[in-house]
There are 2 protein chains.
Amino acid sequence: MNLSVAEENYIKAIYKLQEGEQAVTTNALAYELETKPASVTDMAKKLKEKKLISYEKYQGITLSPEGRKTALQVVRRHRLWECFLVDKLSFSWEEVHELAEELEHVRSEKLISRLSDFLGNPVIDPHGDPIPDANGRMTKPRPQTSLDQANAKRLVVTAVSDQSSALLAFLNAKSIKLGTQLEIIAHYEFDNSIEIKVKNQPAITISEQVAKNIMVRPL
Amino acid sequence: MNLSVAEENYIKAIYKLQEGEQAVTTNALAYELETKPASVTDMAKKLKEKKLISYEKYQGITLSPEGRKTALQVVRRHRLWECFLVDKLSFSWEEVHELAEELEHVRSEKLISRLSDFLGNPVIDPHGDPIPDANGRMTKPRPQTSLDQANAKRLVVTAVSDQSSALLAFLNAKSIKLGTQLEIIAHYEFDNSIEIKVKNQPAITISEQVAKNIMVRPL
DNA sequence: ATTATTATTTAGACAAACTTAAATAATTTC
DNA sequence: GAAATTATTTAAGTTTGTCTAAATAATAAT
Ligand SMILES: [Mn+2]
Ligand SMILES: [Mn+2]
Ligand SMILES: [Mn+2]
Ligand SMILES: [Mn+2]
């Protein structure tokens, strides 16, 4: 099946929003792809025709097994390119998403398998997300929670769930990256902000918004 | 100016066919881009509008200074990606053109300058073609001629002017690559075929067709 | 200098991926 | 459970890059 760039972007976005089982709504997809709901409805019809999604009017969208396979391929390409940009070309993690968004559409099994070899077959990308292998399987990430609902006191950062350069730049400024160890000092009920301390850094208070997007596991 | 993939391909093809000064014809461009003359005429109007080419009905097409600059950027991206694929991912020279044809459209100054650094700022690509620098300048290649009109007897291969995998596969089979030294044994008037000898290889006879596409300079 | 051939352009149509505006369905709210 | 609100779809139109067929210009042949 030969998909257009737009189709691949839709499939990937559906995969991202699907998270488990629930159907993806037209509006959510339009928002994610910065397009209009009417465009999503059009595309849904096409993708259904190609058997990549199941879709019934007003019922939302879910990937078919075929669609899921496609999504995992695109995700694999995306995350491998991100690794390349960070590991080999010294980009920082907030710069790579945009570029990978384009590079992911160069479709070549051989290119991607060689790129993966060249990078040492990495299993997580610069944002802590798992990279599917050539068969679409990925190592199940070790259990992790978002920082705002962690109960342990001493934690290690395992991933960030928002890729926006705004968040990533903030984390850079606070010297927080993957693998950073931190300690929860206080939890303020009023606005759910959290005071944390990174070794050799002054304690800082982060908003609930930020905390929700930092994934951690107990040390 | 933000160009589409199609526009970039047109500009690059015009650059390739222009060779010096002469205007590029509608048919030649259609053939090069595997499209129809009517499509070329349409696109010519658009590119003229954007001031990338000069074009008058029935008079053919030439790049404007602006268009030339654009072409050199695309060529730079193309050739750097080819280097990457060959040097880092171990592709062979007949496989890379197609892939570079897609990779070249990821537009990012930063990406390309870092890629160039990563590769050691190469000045020729895997086919012996010069790589423009960030300002569009390229080192003028040392004087070279096609093998069919070389007058010296002992020669070194400097480039191939046809990128088709058919030719490149043929050269692979005969152990001819960039830098290969060869000797002209005979020149057969009948069909302009040439007998050549590569060190440690049996002498072989190559057609005029092939000879025209091998660039050489005297040893 | 006509005529034939070839090259190029125009006209009209189409598919993909969008958009806005209007219509309809689903969901909340009171 | 009717009314209001929100979500989704349909209808109609746009842009980009194609195409085929027909018209016209340029060039070559006689
Ligand atoms: Mn993308
Ligand atoms: Mn990522
Ligand atoms: Mn291209
Ligand atoms: Mn090349």
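Because only heavy atoms are used, hydrogens play no part in the values below, and waters and symmetry mates are left out as well, while side chains stay in. Proteins come first, then strands; the chains are lettered A, B, ... in the order of their sequence lines, and each starts at number 1.
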Output side-chain donor-acceptor pairs under 3.5 Å for residues 137-151 of chain A, partner residues at least two apart or in another chain, one line each.
{"unit_1": "A:Gln144", "atom_1": "OE1", "unit_2": "A:Thr158", "atom_2": "OG1", "d": "2.6"}
{"unit_1": "A:Ser146", "atom_1": "OG", "unit_2": "A:Asp148", "atom_2": "OD1", "d": "2.5"}

Walk me through it: do A:Ile61 and A:Lys48 pass the test side chain to side chain contact (heavy atoms under 4.5 Å, CB included)? CA-CA 9 Å; A:Ile61 296 170; A:Lys48 182 186 182 180; over 6 Å; no
Does any residue of residues 53-61 of chain B have a heavy atom under 4.0 Å from DNA chain D, and if so, which ones, in number order? B:Tyr58
Distance-only criterion, 3.5 Å: show the donor-acceptor pairs between side-chain atoms of residues 71-79 of chain A and protein atoms not counting sequence neighbours.
{"unit_1": "A:Arg76", "atom_1": "NH1", "unit_2": "A:Pro132", "atom_2": "O", "d": "3.1"}
{"unit_1": "A:Arg77", "atom_1": "NE", "unit_2": "A:Glu104", "atom_2": "O", "d": "2.6"}
{"unit_1": "A:Arg77", "atom_1": "NH2", "unit_2": "A:Glu8", "atom_2": "OE1", "d": "3.3"}
{"unit_1": "A:Arg77", "atom_1": "NH2", "unit_2": "A:Glu8", "atom_2": "OE2", "d": "2.8"}
{"unit_1": "A:Arg77", "atom_1": "NH2", "unit_2": "A:Glu104", "atom_2": "O", "d": "3.4"}
{"unit_1": "A:His78", "atom_1": "ND1", "unit_2": "A:Glu104", "atom_2": "OE1", "d": "2.8"}
{"unit_1": "A:His78", "atom_1": "NE2", "unit_2": "A:Glu82", "atom_2": "OE2", "d": "2.8"}
{"unit_1": "A:His78", "atom_1": "NE2", "unit_2": "A:His97", "atom_2": "ND1", "d": "3.2"}
{"unit_1": "A:Arg79", "atom_1": "NH1", "unit_2": "A:Pro130", "atom_2": "O", "d": "2.6"}

Answer with yes or no whether the side chains of A:His127 and A:Asp162 bring together a donor and an acceptor at under 3.5 Å. no
Taking the basic N atoms (NZ, or NE/NH1/NH2) and the acidic carboxylate oxygens, is any pair closer than 4.0 Å for B:Lys12 and B:Glu101? yes
Worked check of side chain to side chain contact (heavy atoms under 4.5 Å, CB included) between A:Val86 and A:Ser92: CA-CA 6 Å; A:Val86 168; A:Ser92 62; over 6 Å; no
Over 60° means perpendicular and under 30° means parallel, so tell me whether B:Trp81 and A:Phe84 are parallel, tilted or perpendicular. tilted
Nearest heavy-atom neighbours spanning B:Leu119 and B:Leu80: CD1-O, 3.4 Å
Please find the earliest and latest nucleotides of DNA chain D, in the 5' to 3' direction, that have an atom within less than 4.0 Å of any heavy atom of chain A. D:dA7 to D:dT10
Which nucleotides of nucleotides 15-21 of chain C have their base under 4.0 Å from a protein heavy atom (B), which only their sugar-phosphate (S), and which neither (-), written as one string 5' to 3'? -SSBBB-
Applied to residues 58-70 of chain B, the side-chain hydrogen bond (donor to acceptor under 3.5 Å, both in side chains) test, sequence neighbours excluded, yields B:Ser54-B:Thr62
Using every non-hydrogen atom in the two residues, find where B:Leu168 and B:Gln163 come nearest and quote the distance to one decimal. CD1-O, 3.5 Å
